[in-house]
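Here the structure is laid out as structure tokens; the discussion comes afterwards.
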Protein chains: 2
Amino acid sequence: MPRRNAPFSIIRRLPIYLRILDNLIKKDVDIISSRTLSSRTGFTAEQIRKDLAYFGAFGTRGTGYNTVFLREKLLNIIGLDKENHTIVVGAGDLGTAFGRYNLIKNPYIGVVGLFDISDEVIGKSVEGLMVQHLDCMPEVIDKYNVKVAILTIPSSQAQTVVNKLVKSGVTAILNFAPTKLNVPDYVHVHNIDLTIELQSLFYFTVLEEEKDSV
Amino acid sequence: MPRRNAPFSIIRRLPIYLRILDNLIKKDVDIISSRTLSSRTGFTAEQIRKDLAYFGAFGTRGTGYNTVFLREKLLNIIGLDKENHTIVVGAGDLGTAFGRYNLIKNPYIGVVGLFDISDEVIGKSVEGLMVQHLDCMPEVIDKYNVKVAILTIPSSQAQTVVNKLVKSGVTAILNFAPTKLNVPDYVHVHNIDLTIELQSLFYFTVLEEEKDSV
DNA sequence: TAGATTGTTAATCGATTAACAATC
DNA sequence: TAGATTGTTAATCGATTAACAATC
């Protein structure tokens with residue numbers, strides 16, 4: 001069964017469904033309807049059904065979706081039904097926080113490395129994981145077959161480090177450095193720019209003021 | 001001149017243009033073309049021109065855009081051409097990191113409060129700003145006329161705190177808690193879910209493997 | 001059978017891309 | 001004037017919403 005190359009807009013919603021299913025299964029709920037999923041996610045029931053139907057007919061008409069079955073399917077589609085490893089490059093405040101966050105809260109992905117170049121943080125322990133020098137990175141990537149990396153280093157060093165990551169075999173990068181990264185076509189970069197997320201929210205406060213002044 | 005209610009897809013790109021303009025101005029560059037902006041951002045030149053033209057004719061045909069002039073316009077459109085304040089609610093690892101990040105790196109927005117309920121972090125100083133008890137929040141919001149808040153608390157407490165924020169007058173929330181928040185229509189919530197961002201990237205590694213096995 | 005809910009097809013909406021006239 | 005680049009209109013693309021037939 002060859003998986004179709006699905007739109008990323010759909011893929012990004014699947015982990016949200018997955019988390020809800022995990023919670024339902026923990027509470028021994030067997031069946032869930034698209035309508036209930038809708039009220040829990042804020043997406044419309046139609047959209048949820050369409051998202052799931054894109055990959056197959058996972059539900060039962062008149063009844064709903066079996067939580068355990070759907071969970072298995074989602075894990076398989078996203079690619080979380082195997083050992084998954086990631087590393088965090090940059091062990092400043094943000095990198096440390098993300099490393100810890102994923103070590104504690106992400107049930108499907110193991111953080112197997114934390115890297116930096118500053119002597120101040122190398123050797124520091126984050127939830128039992130030691131920060132290592134950047135030079136150790138290729139070895140860890142190789143050992144754990146790491147394909148996805150989190151980047152939390154200053155923009156000035158980002159491109160250099162990305163080149164190393166790509167050379168070592170990483171094919172997907174979650175980038176927090178506020179800069180455009182150049183990578184080969186087969187590498188996927190997803191940018192999260194905290195400054196931009198915050199600044200763009202201020203637009204709404206402008207709209208509010210205009211409404212007030214009418 | 002009434003501002004039109006622009007698509008948020010455009011608004012989110014404006015701070016990216018703004019950052020590039022800031023850098024250019026620092027280097028005394030007077031003029032920039034949409035083509036150069038394209039190579040710096042990764043967006044097409046057509047899209048950039050269309051984004052800017054949505055708000056007015058800011059460029060000069062045959063020449064390009066004046067950096068200083070365009071920067072002023074963007075600041076005004078986004079709503080950054082005034083005193084802007086924000087607060088961070090939740091002073092754990094993530095909250096502390098974001099607080100520090102914005103205190104240091106965000107040139108247009110001032111962090112005026114850091115709040116938590118745990119005695120362990122209350123009183124802690126982050127770049128000279130003291131973590132205060134949640135009970136002090138309404139007062140600070142009022143004093144600085146805070147309209148935008150960053151939320152980095154556990155999901156279980158998120159809705160309660162959001163209700164307080166809304167009651168105090170906050171109209172936009174950058175939410176890192178992995179849960180759906182219920183707010184009145186006039187309040188804008190932008191969710192960033194780090195678990196989901198990371199998990200969805202693993203989809204690409206599945207695609208890669210399939211390609212390999214052909 | 002009647003009621004419920006999925007899965008699919010069609011219609012709508014919005015965003016991006018392409019083409020080019022306007023004009024510096 | 002010739003060359004360059006914007007701003008705008010038209011065409012395309014993709015995602016969401018609506019409607020409903022299929023079926024448990």
Side-chain angles (χ1 to χ4, degrees), chain A residues 1 3-14 16-17 20-21 24 29-74 77 180 191 196 200 203, chain B residues 1 3-14 16-17 20-21 24 29-74 77 180 191 196 200 203:
Chain A
M1 180 193 70
R3 195 191 318 286
R4 281 170 291 176
N5 198 327
F8 197 50
S9 55
I10 295 182
I11 296 297
R12 280 170 61 87
R13 285 190 290 267
L14 302 186
I16 302 174
Y17 306 145
I20 291 168
L21 290 171
L24 290 169
V29 177
D30 286 336
I31 300 289
I32 184 143
S33 69
S34 58
R35 211 142 86 79
T36 314
L37 273 173
S38 168
S39 79
R40 297 231 186 175
T41 58
F43 306 130
T44 66
E46 292 80 0
Q47 181 165 57
I48 292 166
R49 290 205 299 278
K50 199 132 207 275
D51 282 353
L52 300 176
Y54 188 91
F55 302 98
F58 300 149
T60 307
R61 289 167 198 233
T63 311
Y65 299 90
N66 178 291
T67 52
V68 174
F69 179 76
L70 184 57
R71 173 179 174 274
E72 289 298 325
K73 289 294 180 186
L74 290 180
I77 293 163
K180 194 200 153 210
N191 297 302
I196 278 156
S200 56
Y203 176 71
Chain B
M1 180 194 68
R3 194 191 319 286
R4 281 171 290 176
N5 198 327
F8 196 51
S9 55
I10 295 181
I11 296 297
R12 280 170 60 85
R13 286 191 289 267
L14 302 185
I16 303 176
Y17 306 146
I20 291 168
L21 289 170
L24 290 168
V29 177
D30 288 335
I31 300 290
I32 185 144
S33 69
S34 58
R35 210 142 85 79
T36 314
L37 273 172
S38 169
S39 78
R40 298 232 186 174
T41 57
F43 306 130
T44 65
E46 292 81 1
Q47 182 165 56
I48 292 167
R49 290 204 299 277
K50 199 132 207 271
D51 283 353
L52 300 176
Y54 188 92
F55 302 97
F58 301 148
T60 309
R61 291 169 197 230
T63 311
Y65 299 90
N66 179 291
T67 52
V68 174
F69 179 76
L70 184 57
R71 172 178 174 276
E72 290 298 326
K73 288 293 180 186
L74 289 181
I77 293 163
K180 195 199 152 209
N191 296 301
I196 277 156
S200 56
Y203 176 70

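Order of the sequence lines sets the chain letters (A, B, ...), proteins ahead of strands, with each chain counted from 1. Note that this is a predicted model, so its numbers are computed, not measured. Note: hydrogens, waters and symmetry copies are ignored here, and every other heavy atom, side chains too, is used.
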If D:dA10 has a Watson-Crick or G-U wobble mate with both distances under 3.5 Å, name it; if not, just say none.
-> C:dT17

The answer to which of A:Arg49 and A:Ser9 contacts DNA chain D further toward the 5' end, by nearest nucleotide, is A:Ser9

Whole-Å distance between D:dG7 P and B:Lys73 NZ?
-> 12 Å

Does a sphere of radius 6.0 Å around CZ in B:Arg13 hold more than 12 heavy atoms from other residues, nucleotides or ligands, not counting ones at 6.0 Å or beyond?
-> yes

Of all the nucleotides listed (D:dT16, C:dG7, D:dA15), which has the minimum atom distance to the side chain of A:Arg61?
-> C:dG7

From the candidates C:dT17, C:dG7, C:dA10, the one with an atom nearest any side-chain atom of B:Lys50 is C:dT17

A:Asp30 CG to D:dC24 C1': how many Å, rounded?
-> 17 Å

CZ of B:Arg12 versus P of C:dT16: gap in Å, rounded?
-> 12 Å

Give none if C:dT23 has no partner; otherwise give the nucleotide forming a Watson-Crick or G-U wobble pair with it, both distances under 3.5 Å.
-> D:dA4

Rounded to whole angstrom units, what separation is found between the CD atom of B:Gln47 and the P atom of D:dG7?
-> 15 Å

To the nearest Å, how far apart are B:Phe58 CZ and C:dC24 C1'?
-> 18 Å

Is there a donor-acceptor pair closer than 3.5 Å between any side-chain N or O of A:Thr67 and the backbone N or O of A:Asp30?
-> yes

Looking only at C:dT17, C:dT6, D:dC24, the nucleotide nearest the A:Tyr65 side chain is C:dT6

Calculate, to the nearest 0.5 Å, the distance between atoms CD1 and CD belonging to A:Ile10 and A:Gln47 respectively.
-> 8.5 Å

Counting only side-chain N and O atoms of B:Ser34, is one of them less than 4.0 Å from OP1 or OP2 of D:dT6?
-> yes

Taking CZ from A:Arg35 and P from C:dG3, how many angstroms apart are they, rounded to a whole number?
-> 16 Å

Closest nucleotide of DNA chain D for A:Asp51 versus for A:Thr60: which of these residues is on the 5' side?
-> A:Asp51

Short question: side chain of A:Ser34, backbone of A:Ile48 - any donor-acceptor pair under 3.5 Å?
-> no

Return the value, rounded to whole Å, for the distance between atom CD1 of A:Ile11 and atom P of D:dG14.
-> 16 Å

d(CG, B:Leu37; C1', D:dT5) in whole Å = 13 Å

C:dT5 OP1/OP2 closer than 4.0 Å to side-chain N/O of A:Ser33 | no

Check whether any side-chain N or O of B:Ser38 sits under 3.5 Å from a backbone N or O of B:Phe43 as a donor-acceptor pair, and report yes or no.
-> yes

